[in-house]
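Below: the structure, in structure tokens.
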2 protein chains.
Amino acid sequence: MEITFKAINDPTRREILVFLIGGAQNAGEIAKQFSMSKPSISHHLDLLKQGNLILAEKKGQYIIYSLNRSGFELVHAWFQGFAQYFEFPKPKIRL
Amino acid sequence: MEITFKAINDPTRREILVFLIGGAQNAGEIAKQFSMSKPSISHHLDLLKQGNLILAEKKGQYIIYSLNRSGFELVHAWFQGFAQYFEFPKPKIRL
DNA sequence: TAAATATTTAAACGAATGTCTAAATATTTA
DNA sequence: TAAATATTTAGACATTCGTTTAAATATTTA
């Protein structure tokens with residue numbers, strides 16, 4: 001959980017996730033989207049993978065990345081408690 | 001947006017948010033929940049406030065904190081793109 | 001008004017983070 | 001097999017982050 005939220009925290013990593021909504025891509029194509037060195041992107045991809053937000057599949061000399069449902073499910077589950085709160089707010093404590 | 005994700009990134013701050021699902025509380029009561037100094041909690045509360053995840057209302061010498069819908073709406077909106085990608089079941093409640 | 005209570009602000013500091021360049025690993029192609 | 005391509009790993013470095021103690025601000029109570 002900790003590592004998943006951490007992965008989502010960085011703006012570049014969030015952009016990578018949004019980019020992958022368009023479909024799976026190899027590391028080079030992902031890196032092209034950003035004005036940042038390939039090693040930096042590689043590092044971000046590693047963190048996203050650790051957070052179960054993306055999957056990596058080796059295909060020849062390429063590594064193809066795609067969104068991973070598992071990390072998003074975790075975040076979604078955490079959010080449910082708040083969704084319920086805003087629908088059924090508990091009375092606030094008066095001090 | 002950046003500051004909202006940053007606010008959610010820290011585990012103590014997420015615990016504070018979950019604690020506030022139980023209802024609004026003043027800073028002292030919130031601090032009691034954690035084995036951490038009051039200034040640290042105060043700092044966390046400030047970041048949560050900056051991220052529009054909580055509201056602060058001064059009541060005499062106390063400051064009462066409560067969940068703020070606005071920050072959660074922002075994160076939820078970001079999340080929607082992925083929910084659609086994975087076809088998550090739609091919540092009855094629209095955040 | 002003085003003391004007690006509630007909370008924040010300030011300053012300091014080690015740990016974690018994001019970035020870079022250079023080097024290493026793996027695969028494909030000539 | 002050697003060169004080219006794709007990607008990661010390693011090491012370094014400045015910045016940001018989370019924490020603490022001490023001091024400041026605001027409010028209530030005696």
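Note on naming: letters A, B, ... go to the chains in the order of the sequence lines (proteins, then strands), and numbering restarts at 1 for each one.
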Q: Answer with yes or no whether the hydrophobic clustering places A/Ile21 together with A/Leu55; edges join I, L, V, M, F, W, Y residues whose side-chain heavy atoms lie under 4.5 Å apart.
A: no

Q. Taking only side-chain nitrogens and oxygens of B/Tyr65, does any of them come within less than 4.0 Å of OP1 or OP2 of C/dT8?
A. yes

Q: Return the value, rounded to whole Å, for the distance between atom CZ of A/Phe5 and atom C1' of D/dC17.
A: 18 Å

Q) Just how far, in rounded Å, is C1' of C/dT7 from CD1 of B/Ile41? A) 13 Å

Q) Does B/Asn9 use its side chain to pair, donor to acceptor, with the backbone of A/Lys6 at less than 3.5 Å? A) yes

Q) Would A/Phe79 and B/Phe79 satisfy side chain to side chain contact (heavy atoms under 4.5 Å, CB included), going step by step from the backbone distance to the final call? A) CA-CA 10 Å; A/Phe79 251 85; B/Phe79 193 75; over 6 Å; no

Q. Between C/dT28 atom P and A/Tyr62 atom OH, what is the distance in whole Å?
A. 10 Å

Q: Return the value, rounded to whole Å, for the distance between atom NZ of B/Lys59 and atom P of C/dT7.
A: 14 Å

Q. Using purine N1 to pyrimidine N3 plus N6-O4 or O6-N4 for Watson-Crick, or N1-O2 and O6-N3 for G-U wobble, each under 3.5 Å, what pairs with C/dA12?
A. D/dT19

Q: Using atom CD of B/Glu57 as one end and atom C1' of C/dT7 as the other, report the distance to the nearest whole Å.
A: 16 Å

Q. What heavy-atom pair brings A/Leu17 and B/Phe82 nearest, and what distance separates the two atoms?
A. O-CE2, 3.5 Å

Q: Under 4.5 Å between side-chain heavy atoms, chaining through other members, with only Ile, Leu, Val, Met, Phe, Trp and Tyr counted: pull out the rest of the cluster around B/Leu47, sorted by chain and number.
A: B/Ile3

(Q) From the set C/dT8, C/dT27, D/dT27, return the single nucleotide nearest to any side-chain atom of B/Leu45. (A) C/dT8

Q: Measure from CD1 on B/Ile63 to P on D/dA26 and round the result to the nearest Å.
A: 11 Å

Q) Which one is paired to C/dT28, where only Watson-Crick or G-U wobble pairs with both distances under 3.5 angstrom count? A) D/dA3

Q. In whole Å, what is the span from the CG atom of A/Asp46 to the C1' atom of D/dT9?
A. 10 Å

Q) So do the side chains of B/Ile64 and B/Gln25 get within less than 4.5 Å of each other, counting heavy atoms only? A) no

Q. Hey, which of these two, B/Gly60 or A/Asn26, hits DNA chain D nearer its 5' end, going by closest nucleotide?
A. A/Asn26

Q.
Across nucleotides 17-25 of chain C, 5' to 3', mark each nucleotide with B, S or - according to how protein heavy atoms within less than 4.0 Å reach it.
A. SSBBBB---

Q) Salt bridge or not for A/Arg69 and B/Glu87, using N-O below 4.0 Å? A) no

Q) What integer distance in Å separates B/Glu2:CD from D/dT15:P? A) 18 Å

